Trainee: 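The structure under discussion is supplied below as structure tokens; questions concerning it will follow.
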Amino acid sequence: MRQRKKIESFGLKIASTCLAVTRPGKHKLAEWNLQFFRMDTPLLLRPQGDELIILIDTAHIWVARKVLNTDIGFSNEVECCERLSEALREARLALVHVGEKSIVSYGDIVDKVPWLPDNLDDAARTFSRVLGPLANYEAKHGTPLLRSLKIFLENNRSWLMAAKQLHIHKTTLIYRMRKIESMTGRSLDSTEDVAILWLALRAGEIADLLSKK
């Protein structure tokens, strides 16, 4: 009850608000708050690491995009304070799926991506179970196996196109893929194994376990 009253004291109605997440780079809270005030848009801003968490009326999410000028992922309507943690998870998952659109809602992706993990812990476990050995190898030796795998799959397993994008020789790429097959026990000639590797990569992105380089 106390949390609800605090939220409503800022002019927000919990039933119609959503949580949004973005990574604007440099935080300019004073400047942003002034712009939102001038646009008569009540909201709460909370920096957390490289994230900016926003509690805002769902109908005004476009205002946040205009002021912040950055990609935004946002949750379904919060509806009650007990759902704030879940809404934050939804917003983070939505942000991962920003592509051509600069604003993505959890509702836009939940039906389109049926394999979506139920939470960030599940995503981390999926990644660790399938690709953990690669991540550990990278940490020790520096060989970018995960990025090589991602580029290879994104290029529909084309050796030449993937090697060109990675700026390495085809022979080097073949060596890396064979290393990946050996370490994961998955074959890149198997449709089922390729699907598992791809979903594990996506889970790693959702859990923010993959390098953005």
Side-chain angles (χ1 to χ4, degrees), residues 1-25 27-29 32-33 35-129 195 198-210 212:
M1 181 64 70
R2 183 179 302 175
Q3 192 173 25
R4 184 187 187 101
K5 287 183 178 180
K6 183 177 180 180
I7 290 172
E8 291 180 345
S9 71
F10 285 89
L12 293 165
K13 294 183 178 180
I14 191 71
S16 61
T17 59
C18 67
L19 271 178
V21 172
T22 184
R23 294 188 176 95
H27 290 151
K28 305 175 183 178
L29 294 181
W32 292 333
N33 277 317
Q35 291 185 60
F36 284 120
F37 176 77
R38 288 173 174 171
M39 298 178 78
D40 194 26
T41 305
L43 81 169
L44 289 172
L45 299 177
R46 177 188 173 188
Q48 184 169 305
D50 65 341
E51 292 181 337
L52 182 67
I53 300 172
I54 310 161
L55 187 65
I56 189 172
D57 191 287
T58 304
H60 294 156
I61 196 70
W62 65 272
V63 179
R65 171 69 178 93
K66 183 177 181 179
V67 171
L68 301 174
N69 193 30
T70 185
D71 295 335
I72 295 175
F74 68 99
S75 71
N76 291 333
E77 291 181 343
V78 175
E79 296 182 342
C80 63
C81 291
E82 290 74 20
R83 223 183 71 75
L84 284 170
S85 295
E86 179 71 6
L88 180 57
R89 177 191 72 84
E90 293 175 358
R92 284 173 170 157
L93 293 179
L95 183 61
V96 171
H97 292 272
V98 166
E100 294 181 2
K101 292 182 178 181
S102 57
I103 302 176
V104 175
S105 75
Y106 180 74
D108 289 337
I109 64 171
V110 66
D111 293 330
K112 296 178 182 178
V113 194
W115 55 268
L116 201 67
D118 287 336
N119 52 64
L120 296 177
D121 288 340
D122 281 352
R125 280 192 291 269
T126 296
F127 173 82
S128 179
R129 186 166 58 249
W198 177 248
L199 297 183
L201 283 170
R202 297 296 285 133
E205 291 177 343
I206 287 171
D208 201 22
L209 296 173
L210 295 183
K212 302 299 191 297

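Treat the numbers as computed from the prediction; the structure is a model and nothing was measured.
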Trainee: Roughly how far, to the nearest 0.5 Å, is the CZ atom of R38 from the CG atom of D40?
Mentor: 13.5 Å
Trainee: Could you tell me the separation between the CZ atom of F36 and the CD1 atom of I54, rounded to the nearest 0.5 Å?
Mentor: 6.0 Å
Trainee: For C81 and I7, which heavy atoms make the closest approach, and how far apart are they?
Mentor: SG-CD1, 4.2 Å
Trainee: So how far is it from I103 CD1 to T22 OG1, rounded to the nearest 0.5 Å?
Mentor: 10.0 Å
Trainee: Would you sort out whether L45 and H27 count as a side-chain contact (heavy atoms from CB on, under 4.5 Å), showing the intermediate values?
Mentor: CA-CA 10 Å; L45 299 177; H27 290 151; over 6 Å; no
Trainee: Which heavy atom in V78 sits nearest to a heavy atom in A87, and how many Å separate them?
Mentor: CG2-CB, 4.0 Å
Trainee: Say you draw a straight line from CG of L95 to OG1 of T70; how long is it, rounded to the nearest 0.5 Å?
Mentor: 8.0 Å
Trainee: If we only count heavy atoms from C-beta on, is the N76 to R83 side-chain gap below 4.5 Å?
Mentor: yes
Trainee: If you take all heavy atoms of L55 and L12, which pair is closest and at what distance?
Mentor: O-CD1, 3.7 Å
Trainee: What heavy-atom pair brings P42 and G11 nearest, and what distance separates the two atoms?
Mentor: CG-O, 3.7 Å
Trainee: To the nearest 0.5 Å, how far apart are CD in E79 and CD1 in I14?
Mentor: 9.5 Å
Trainee: Per the salt bridge (charged side-chain N to carboxylate O under 4.0 Å, His left out) rule, what does the pair list look like for residues 46-55, sequence neighbours excluded?
Mentor: R23-D50, R23-E51, E51-R92
Trainee: What distance do Q35 atom CD and L68 atom CG have between them, rounded to the nearest 0.5 Å?
Mentor: 8.5 Å
Trainee: Is a side-chain N or O of S75 found less than 3.5 angstrom from the main chain of E90, in a donor-acceptor match?
Mentor: no
Trainee: Go through T126 and L199 one step at a time and tell me if the side-chain contact (heavy atoms from CB on, under 4.5 Å) criterion holds.
Mentor: CA-CA 9 Å; T126 296; L199 297 183; 5.9 Å; no
Trainee: Sequence neighbours left out, cut at 3.5 Å: what donor-acceptor pairs do the side chains of residues 56-65 make with other protein atoms?
Mentor:
{"from": "D57", "atom 1": "OD1", "to": "A59", "atom 2": "N", "distance (Å)": "2.9"}
{"from": "D57", "atom 1": "OD2", "to": "S16", "atom 2": "OG", "distance (Å)": "3.0"}
{"from": "T58", "atom 1": "OG1", "to": "S16", "atom 2": "O", "distance (Å)": "3.2"}
{"from": "W62", "atom 1": "NE1", "to": "A59", "atom 2": "O", "distance (Å)": "3.3"}
{"from": "R65", "atom 1": "NE", "to": "S102", "atom 2": "OG", "distance (Å)": "2.9"}
{"from": "R65", "atom 1": "NH1", "to": "N69", "atom 2": "OD1", "distance (Å)": "3.2"}

Trainee: Take V67 and T41, measure what side-chain contact (heavy atoms from CB on, under 4.5 Å) needs, and give me the verdict at the end.
Mentor: CA-CA 11 Å; V67 171; T41 305; over 6 Å; no
Trainee: Measure across A200 and F127 and return the closest heavy-atom pair with its distance rounded to 0.1 Å.
Mentor: O-CD1, 3.5 Å
Trainee: List the atom of G73, the atom of A94, and the distance in Å for their closest heavy-atom pair.
Mentor: CA-CB, 3.9 Å
